[in-house]
Amino acid sequence: MYLFLGLMLLILVFSGCDPSATSKDDYYKSTKSTNLSQEGIERLHIGSNKYDVTKLFGKPTSIELVSEPKSEYFSYGKSKNNYDLDFRIVKNAVTSYTLYTEKYGSSKGIRVGSSKNDVIKAYGNNYYKRNDTGAKVYGYFDKVNKLNLEFSIESNEVIGIQLLAYDYSKNDNH
């Protein structure tokens, strides 16, 4: 039961469903760019196609189709309520992924369970911090490669990691 509630909290945190949350767009101009070009999971990166996902991870535990914007979510884990990771696919390309367990990590070795200090030590001080659904979110922008990496942190411990393609066009003036 608690695992399911925790996963639901992570989904809300990373989907931005908290009406009191501050948008990451609000931090774009004031946050310096961090190179995230090496980020990926296993051999997949933002922009990899969905066939690469299934080739590497196999058949998803669950596939959710979303109509607006048209996308697919490929989720992998023990069951439909216990995921290790999921991928958002738009036009057959990976546009984001979220890590929910320590099974996978970032390119710099940060995993669920790592400390906030581990995150800052690995990625540096060019982060923004916002609150979202009861968790603190530490995020990094790669303004050159148009990526956004966020670490959801509770009690000084990473509880989720999300990497996504980020449309800077409405914010970009660098």
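For the residue pair Tyr100 / Gln162, no side-chain donor-acceptor distance below 3.5 Å is found, with atom types taken as modelled.
With sequence neighbours excluded, no residue satisfies side-chain hydrogen bond (donor to acceptor under 3.5 Å, both in side chains) with Thr54. For Asn35, the side-chain hydrogen bond (donor to acceptor under 3.5 Å, both in side chains) partners two or more places apart in sequence, or in a different chain, are Ser37. Residues that satisfy the side-chain hydrogen bond (donor to acceptor under 3.5 Å, both in side chains) test with Tyr76, not counting sequence neighbours, are absent from this structure. Under the side-chain hydrogen bond (donor to acceptor under 3.5 Å, both in side chains) criterion, Tyr138 pairs with no residue at all, not counting sequence neighbours. Scanning for side-chain contact (heavy atoms from CB on, under 4.5 Å) contacts around Ser79 gives Asn81, Asn82, with sequence neighbours left out. For Lys103, the salt bridge (charged side-chain N to carboxylate O under 4.0 Å, His left out) test picks out Asp84, with sequence neighbours left out. For Glu102, there are no salt bridge (charged side-chain N to carboxylate O under 4.0 Å, His left out) partners at least two apart in sequence or on another chain. Partners of Asn125 by side-chain contact (heavy atoms from CB on, under 4.5 Å), not counting sequence neighbours, listed by chain and number: Ile120, Tyr127.
The CG atom of Leu163 sits 9.5 Å away from the OG atom of Ser106 when rounded to the nearest 0.5 Å. The CG atom of Asn92 lies 7.0 Å from the CG atom of Asn49; values are rounded to the nearest 0.5 Å. To the nearest 0.5 angstrom, Asp132 atom CG is 9.0 Å from Lys24 atom NZ. In this structure, the separation between CD1 on Ile89 and OG on Ser96 is 8.5 Å, given to the nearest 0.5 Å. Annotation: the span from Asn156 atom CG to Ser114 atom OG amounts to 11.0 Å, rounded to 0.5 Å. Taken to the nearest 0.5 Å, the CG atom of Leu44 stands 9.5 Å off from the CG atom of Leu85.
Smallest separation of non-hydrogen atoms from Gly47 and Ala93: O-CB, 4.0 Å. Across every non-hydrogen atom of Ile161 and Ile110, the tightest pair is CD1-O, 3.4 Å.
Among pairs with a residue in residues 31-46, none fulfils salt bridge (Lys or Arg N to Asp or Glu O under 4.0 Å), at least two apart in sequence or across chains. Every pair tested for salt bridge (Lys or Arg N to Asp or Glu O under 4.0 Å) that includes a residue from residues 106-116 fails, sequence neighbours excluded, so the list is empty. Applying the salt bridge (Lys or Arg N to Asp or Glu O under 4.0 Å) rule to pairs touching residues 87-100 yields nothing, sequence neighbours excluded.
In this structure the side chain of Phe141 never reaches within 4.5 angstrom of the side chain of Leu147, judged on heavy atoms. The closest side-chain heavy-atom distance from Phe151 to Lys136 is not below 4.5 Å. A 4.5 Å side-chain heavy-atom check between Ile153 and Ile159 finds every atom pair outside the cut-off. Taking 4.5 Å as the limit, some side-chain heavy atom of Tyr140 sits within range of a side-chain heavy atom of Val119. With a 4.5 Å cut-off on side-chain heavy atoms, Tyr128 and Asp26 do not count as touching. Looking at heavy atoms from C-beta onward, Leu149 lies in side-chain contact with Tyr123 at the 4.5 angstrom threshold. Put simply, the side chain of Asn145 does not reach to within 4.5 Å of the side chain of Leu36, judged on heavy atoms.
In this structure a side-chain-to-backbone donor-acceptor pair under 3.5 Å is missing from Ser67 to Lys70. Without hydrogens or angle criteria, Ser48 side chain to His45 main chain gives a donor-acceptor distance under 3.5 Å.
Placement of Phe87 and Tyr104 within a single hydrophobic cluster is found when ILVMFWY residues are connected by side-chain heavy-atom separations under 4.5 Å, directly or transitively. Tyr27 and Leu164 fall within the same hydrophobic cluster, defined by Ile, Leu, Val, Met, Phe, Trp and Tyr side-chain heavy atoms under 4.5 Å apart, directly or through other members.
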Validation: residues 55-66 side-chain donor-acceptor distances under 3.5 Å, sequence neighbours left out:
| from | atom 1 | to | atom 2 | distance (Å) |
| --- | --- | --- | --- | --- |
| Thr61 | OG1 | Gly77 | N | 3.0 |
| Thr61 | OG1 | Gly77 | O | 3.0 |
| Ser62 | OG | Tyr83 | OH | 3.4 |

Take Glu72 and Lys50 through the salt bridge (Lys or Arg N to Asp or Glu O under 4.0 Å) test and state the conclusion after the steps. CA-CA 9 Å; Glu72 301 172 272; Lys50 74 178 184 179; 3.1 Å; yes
